[in-house]
Amino acid sequence: MSIEKSGSGLGRRDLLKLSAAVGAVVAGAALVGQQPVFAAEELSLKGKRIAISATGTDHFFDLQAYNAQIEEVKRLGGEPIAVDAGRNDGKLVSQLQTLIAQKPDAIVQILGTLSVIDPWLKKARDAGIPVLTVDVGSTNSINNTTSDNWGIGKDLALQLVSDIGGEGNIVVFNGFYGVTPCAIRYDQLVNVVKYFPKVKILQPELRDVIPNTVQDAFTQITAILNKYPEKGSIKAIWSAWDIPQLGATQALAAAGRTEIRTYGVDGSPEVLQLIADPNSPAGADVAQQPAEIGRTAIRNVAKLLAGQTLPRETYVPALLANKTNVGEVTKKLGIG
């Protein structure tokens, strides 16, 4: 994923040098995910009961991954036991307790705050139930299927820095640092920004919330704009996922501050539509492939139960969508 030279003169050579400096960890991480390729038609879950636990399904990513897992278990001949906690941690813990008591052949956990779910993933493991995850960095998971969040965080940060010419104030939403992908993406932003001393993350950072994410982001950004009314006083708004980006973009449009750009992650169709609009302040979004992530996690369950050794992490490619290439990206994702 390349970033073209901006009007500020921050060019490809500068960004490639920086990418080499901050991206070494990505190369190391990518090696962990390398594995032999097995034909999907050879896999089977016949006679197997596979538990699928979702933290919630109100977000595009979560719903796509959840539904794809259910469908893939059925396609491979297994029985899915699917539960959705509706973003309620107490319900999530209760459902995990129930699943452990049912002794399925495997449990797949989709997202979740690590401090909340990890004790129960350990209990499942101690009970002899294989645990796999989607976007959860737990030592109790045999395999975590995810996007390369180191690469996502780096690429999005480099796009942002390029777009603002390597200087200016940026507003950051950082409400879910306990969720592994969000933490990695945030850390990569900080790692990139430190190489650009003229870029400043405004303090205090904003805290995105669930539920009512769009409305809350709209309200918080409206307040920030009132605090920084001069054009140029804020250059960009960053969030670790794209629902806060949606609310922030709406707030900028309502306030007539479309010179500010917004950045996020996931590839929700409504956000990609805003990026495709040349008049919208939505600047870039890294589009994941949640359905493919879900299917891959279930295929990994089938491989594991067939006696195959899994890597610690399996990475599914993501695509950086910006104003220039968003049409191509949405076509590749099949949603354009």
Does [X] share a hydrophobic cluster with [Y], counting links as ILVMFWY side-chain heavy atoms below 4.5 Å and allowing steps through other members?
{"X": "V73", "Y": "I142", "result": "yes"}
{"X": "I70", "Y": "F61", "result": "yes"}
{"X": "V108", "Y": "L63", "result": "no"}
{"X": "V179", "Y": "W120", "result": "no"}
{"X": "L156", "Y": "L158", "result": "yes"}

Any side-chain donor-acceptor pair under 3.5 Å between [X] and [Y]?
{"X": "Y186", "Y": "E205", "value": "yes"}
{"X": "N322", "Y": "Y263", "value": "no"}
{"X": "D277", "Y": "Q273", "value": "no"}
{"X": "D89", "Y": "T113", "value": "no"}
{"X": "D216", "Y": "Q220", "value": "yes"}

Close side-chain approach of [X] to [Y], heavy-atom, < 4.5 Å:
{"X": "L272", "Y": "L333", "value": "yes"}
{"X": "I275", "Y": "V329", "value": "no"}
{"X": "S233", "Y": "R257", "value": "yes"}
{"X": "N140", "Y": "V131", "value": "no"}
{"X": "Y228", "Y": "L202", "value": "yes"}
{"X": "R49", "Y": "Q102", "value": "yes"}
{"X": "L206", "Y": "I221", "value": "yes"}
{"X": "L96", "Y": "Q109", "value": "yes"}

Using the side chain to side chain contact (heavy atoms under 4.5 Å, CB included) rule, take S141 and L121 through it: C-alpha gap first, then chi angles, then the decisive distance, then the call. CA-CA 7 Å; S141 170; L121 300 185; 5.6 Å; no

Side chain to side chain donor-acceptor pair (under 3.5 Å), that's the test. Do N279 and T258 meet it? Break it down for me. CA-CA 8 Å; N279 298 316; T258 54; over 6 Å; no

Any side-chain to backbone donor/acceptor pair from [X] onto [Y]? Under 3.5 Å, distance only.
{"X": "K235", "Y": "E167", "value": "yes"}
{"X": "T55", "Y": "I110", "value": "yes"}
{"X": "S94", "Y": "G90", "value": "no"}
{"X": "N144", "Y": "E313", "value": "no"}
{"X": "D105", "Y": "I50", "value": "no"}
{"X": "Q64", "Y": "Q289", "value": "no"}
{"X": "S239", "Y": "W241", "value": "yes"}
{"X": "S268", "Y": "E270", "value": "no"}
{"X": "N88", "Y": "K91", "value": "yes"}
{"X": "D242", "Y": "G267", "value": "yes"}

Might you point out which heavy atoms bring [X] and [Y] nearest each other, and give the distance in Å?
{"X": "I293", "Y": "S147", "value": "CD1-OG, 3.6 Å"}
{"X": "R185", "Y": "Q288", "value": "NH2-NE2, 3.3 Å"}
{"X": "T145", "Y": "A297", "value": "OG1-CA, 3.5 Å"}
{"X": "A251", "Y": "T222", "value": "CB-OG1, 3.8 Å"}

How long is the gap from CD1 on I260 to CG on L252, to the nearest 0.5 Å?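 So the gap between those two atoms works out to 5.0 Å.
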
Go through K74 and E72 one step at a time and tell me if the salt bridge (charged side-chain N to carboxylate O under 4.0 Å, His left out) criterion holds. CA-CA 5 Å; K74 292 178 179 178; E72 189 69 0; over 6 Å; no

What residue pairs, at least two apart or across chains, pass salt bridge (Lys or Arg N to Asp or Glu O under 4.0 Å) with a residue in residues 54-64?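 Listed once each, the pairs are D58-R87, D62-R87.
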
I'd like to know whether NZ of K323 has more than 12 heavy-atom contacts from other residues, nucleotides or ligands below 6.0 angstrom.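 Result for NZ/K323: enclosed.
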
Under a 4.0 Å N-O cut-off, is there an ion pair linking D118 with K122?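 Salt bridge flag = no for K122 with D118.
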
Salt bridge E292-R299, side-chain N to carboxylate O under 4.0 Å: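 Salt bridge: yes.
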
